Amino acid sequence: MREHQLSAQVVEEVKKAVVGKDEVVVKTLAAILSRGHVLLEDIPGVGKTTMAIAFSKALGLTYHRVQFTPDVMPSDLTGFSLYNRTTGQMEYQPGALLCNLLLADELNRATSRTQSALLEAMEEGRVTVDGVSRPVPDPFLVIATQNPAGASGTQLLPDSQLDRFALRLTMGYPTPGQELELLQRKLRGGLSGEVCQAAGREELAQLRGQTDRVFVDDAVLDYILRLVRATRAHPQLAQGASPRASISVAGLSRAVAFLRGRDYVVPEDVAYIWVDAVAHRLVFPAGSSGGSGRGTAVAREVLDSVRPPRLR
């Protein structure tokens, strides 16, 4: 019960800065609890950076932000060795990845080499400089943003990079009422400045431990696998969801169940995160068009076509 109250407090603190995007906030917290990374794909100015800062404050995490312009080098992320004339030794200088929460802003403007440096930290939890590997702090989370495909100065992220993100979310424009509330809060000097710490790293570890103990019935696991296999057999796709996607969906479903106050997963938890967890992993044949919306449509079609189990 205490853990559920704590997670609800984290959500409420983040909502002080992020107006009208409750579902995005909850799904982002689900990704954090399942040890996943989040990709926010949207136009500039809708609150992506604000949400990342709010989560770092609410969870008491160290926070770094990198603007991924084309001149950002891998060493800016991993760090580098610098010669110390006093000691006569090479000393390691930490890079931006040595933090709990990294905001990778406009990731699809970076070069392939820089994206590869980020990939090692996301997948293996370490950085390698001059042949020496160093672990990133625990917890470690990447919230990356990318402008829509075709925007000035952008390029498509590689499929292997996209597959490392547990969720791809879109915040979208606020409603007129939400935008009015946003303006009122900003004029009062609010938003991210109002967010208080609701938990620390130890509490986050406890929340993750509780999430890991959420029960998943074999029938639910079979449901996840039937959904994944349906993407692999879909006639519009060149490549369906990977085994990594299956693992990610199962972990996210556990987190959703926990945030809803249950210690077991039901098919509705899977359906809640399915589209956001899978759409960005689907690969269409070369030369096809339609952007990210096409993957979303196929993921929804698969969800509607696969019958969920009945749990006793």
Side-chain angles (χ1 to χ4, degrees), residues 23-24 27-28 30-31 34 36-43 46 48 106-110 112 115 119 122-123 142 144-173 216 219-253 256 265-309:
E23 185 172 313
V24 175
K27 288 180 176 178
T28 301
S34 64
H37 307 285
V38 179
L39 178 64
L40 299 176
E41 182 182 76
D42 220 321
I43 60 173
V46 293
K48 303 185 293 292
E106 297 185 299
L107 180 59
N108 56 341
R109 295 182 63 196
S112 299
Q115 290 179 10
L119 197 64
M122 291 173 62
E123 182 66 16
V142 174
T145 73
Q146 70 168 356
N147 296 330
S152 177
T154 63
Q155 56 185 336
L156 293 176
L157 291 177
D159 299 334
S160 59
Q161 182 89 50
L162 288 172
D163 200 35
R164 262 69 176 188
F165 288 100
L167 293 174
R168 182 187 65 189
L169 301 172
T170 299
M171 301 186 73
Y173 288 119
V216 188
V220 176
L221 292 177
D222 178 68
Y223 178 49
I224 293 172
L225 293 178
R226 284 188 289 119
L227 286 167
V228 169
R229 285 195 296 267
T231 67
R232 297 170 186 170
H234 198 281
Q236 295 182 32
L237 298 177
Q239 181 178 303
S242 66
R244 185 185 286 112
S246 305
I247 296 170
S248 183
V249 170
L252 287 164
S253 300
V256 170
V265 176
V266 297
E268 289 78 8
D269 300 325
V270 178
Y272 181 70
I273 51 85
W274 167 257
V275 174
D276 297 313
V278 169
H280 61 289
R281 306 174 193 261
L282 305 180
V283 180
F284 290 87
S288 61
S289 60
S292 60
R294 193 175 180 187
T296 299
V298 170
R300 284 176 178 157
E301 178 188 327
V302 167
L303 182 63
D304 293 338
S305 66
V306 176
R307 179 183 240 177

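What you see is a predicted model, and the numbers here were worked out from it, not measured in a lab.
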A.B. asks: Flag the pair Asp269 / Ile273 as yes when at least one side-chain heavy-atom distance between them is below 4.5 Å, and no otherwise.
C.D. replies: no
A.B. asks: Check Ile247, Leu167, Leu252 against Ser34 for a side-chain contact (heavy atoms from CB on, under 4.5 Å) and give me the one that passes.
C.D. replies: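 For Ser34, the side-chain contact (heavy atoms from CB on, under 4.5 Å) check succeeds only for Leu252.
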A.B. asks: Which pairs with one or both residues in residues 225-239 pass salt bridge (charged side-chain N to carboxylate O under 4.0 Å, His left out), sequence neighbours excluded?
C.D. replies: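 Non-adjacent pairs meeting salt bridge (charged side-chain N to carboxylate O under 4.0 Å, His left out): Asp222-Arg226.
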A.B. asks: Can you find a heavy atom in the side chain of Glu41 that is under 4.5 Å from one in the side chain of His280?
C.D. replies: no
A.B. asks: Could you report the tightest heavy-atom contact between Ala31 and Val38, atom names first, then the distance?
C.D. replies: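 For Ala31 and Val38, the tightest heavy-atom pair comes out as CB-CG2, 3.5 Å.
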A.B. asks: Can you name the residues that form a salt bridge (charged side-chain N to carboxylate O under 4.0 Å, His left out) with Asp276, not counting sequence neighbours?
C.D. replies: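 Applying salt bridge (charged side-chain N to carboxylate O under 4.0 Å, His left out) to Asp276 gives Lys27.
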A.B. asks: Side chains of Leu237 and Phe284: does their closest heavy-atom pair fall under 4.5 Å?
C.D. replies: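 SC-SC contact between Leu237 and Phe284 confirmed.
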A.B. asks: Can you sort out the partners of Glu268 under salt bridge (charged side-chain N to carboxylate O under 4.0 Å, His left out), two or more places apart, ordered by chain and number?
C.D. replies: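 If we apply the salt bridge (charged side-chain N to carboxylate O under 4.0 Å, His left out) test to Glu268, skipping adjacent residues, there are no hits.
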A.B. asks: What is the minimum heavy-atom distance between Gly295 and Leu282, and which atoms define it?
C.D. replies: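 The pair with the smallest heavy-atom distance is O-CD1, 3.7 Å.
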A.B. asks: Using every non-hydrogen atom in the two residues, find where Leu225 and Ser246 come nearest and quote the distance to one decimal.
C.D. replies: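 So the two residues come closest at CD2-OG, 4.0 Å.
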A.B. asks: Evaluate side-chain contact (heavy atoms from CB on, under 4.5 Å) for Phe165 paired with Leu107, printing each intermediate quantity in order.
C.D. replies: CA-CA 12 Å; Phe165 288 100; Leu107 180 59; 3.9 Å; yes
A.B. asks: Show me the donor-acceptor pairs within less than 3.5 Å that the side chains of residues 301-309 make with the rest of the protein, sequence neighbours left out.
C.D. replies:
residue, atom, partner, partner atom, Å
Glu301, OE2, His234, NE2, 3.1
Ser305, OG, Glu301, O, 3.3
Ser305, OG, Val302, O, 2.9

A.B. asks: Sequence neighbours excluded, which residues qualify as side-chain hydrogen bond (donor to acceptor under 3.5 Å, both in side chains) partners of Lys48?
C.D. replies: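 Here no residue qualifies.
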A.B. asks: Going by atom types only, do Thr231 and Arg281 share a side-chain donor-acceptor pair under 3.5 Å?
C.D. replies: no
A.B. asks: To the nearest 0.5 Å, what is the distance between CZ on Arg168 and CG on Leu162?
C.D. replies: 7.5 Å
A.B. asks: Looking only at heavy atoms, what is the nearest atom pair of Pro285 and Ala238, with distance?
C.D. replies: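 Heavy-atom minimum between the residues: N-CB, 3.8 Å.
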A.B. asks: What residue pairs, at least two apart or across chains, pass salt bridge (charged side-chain N to carboxylate O under 4.0 Å, His left out) with a residue in residues 233-246?
C.D. replies: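 Output for this query lists Glu123-Arg244, Asp163-Arg244.
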A.B. asks: Quick check for you: to the nearest 0.5 Å, what is the distance between Ser160 atom OG and Leu119 atom CG?
C.D. replies: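 So the gap between those two atoms works out to 5.5 Å.
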A.B. asks: Would you say that Val249 contacts Val228 through its side chain, given a criterion of any heavy-atom pair below 4.5 Å between the two side chains?
C.D. replies: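 No, their side chains stay 4.5 Å or more apart.
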A.B. asks: Taking C-beta and beyond as the side chain, do Gln161 and Leu39 meet within less than 4.5 Å on heavy atoms?
C.D. replies: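 No - every pair of side-chain heavy atoms lies 4.5 Å or more apart.
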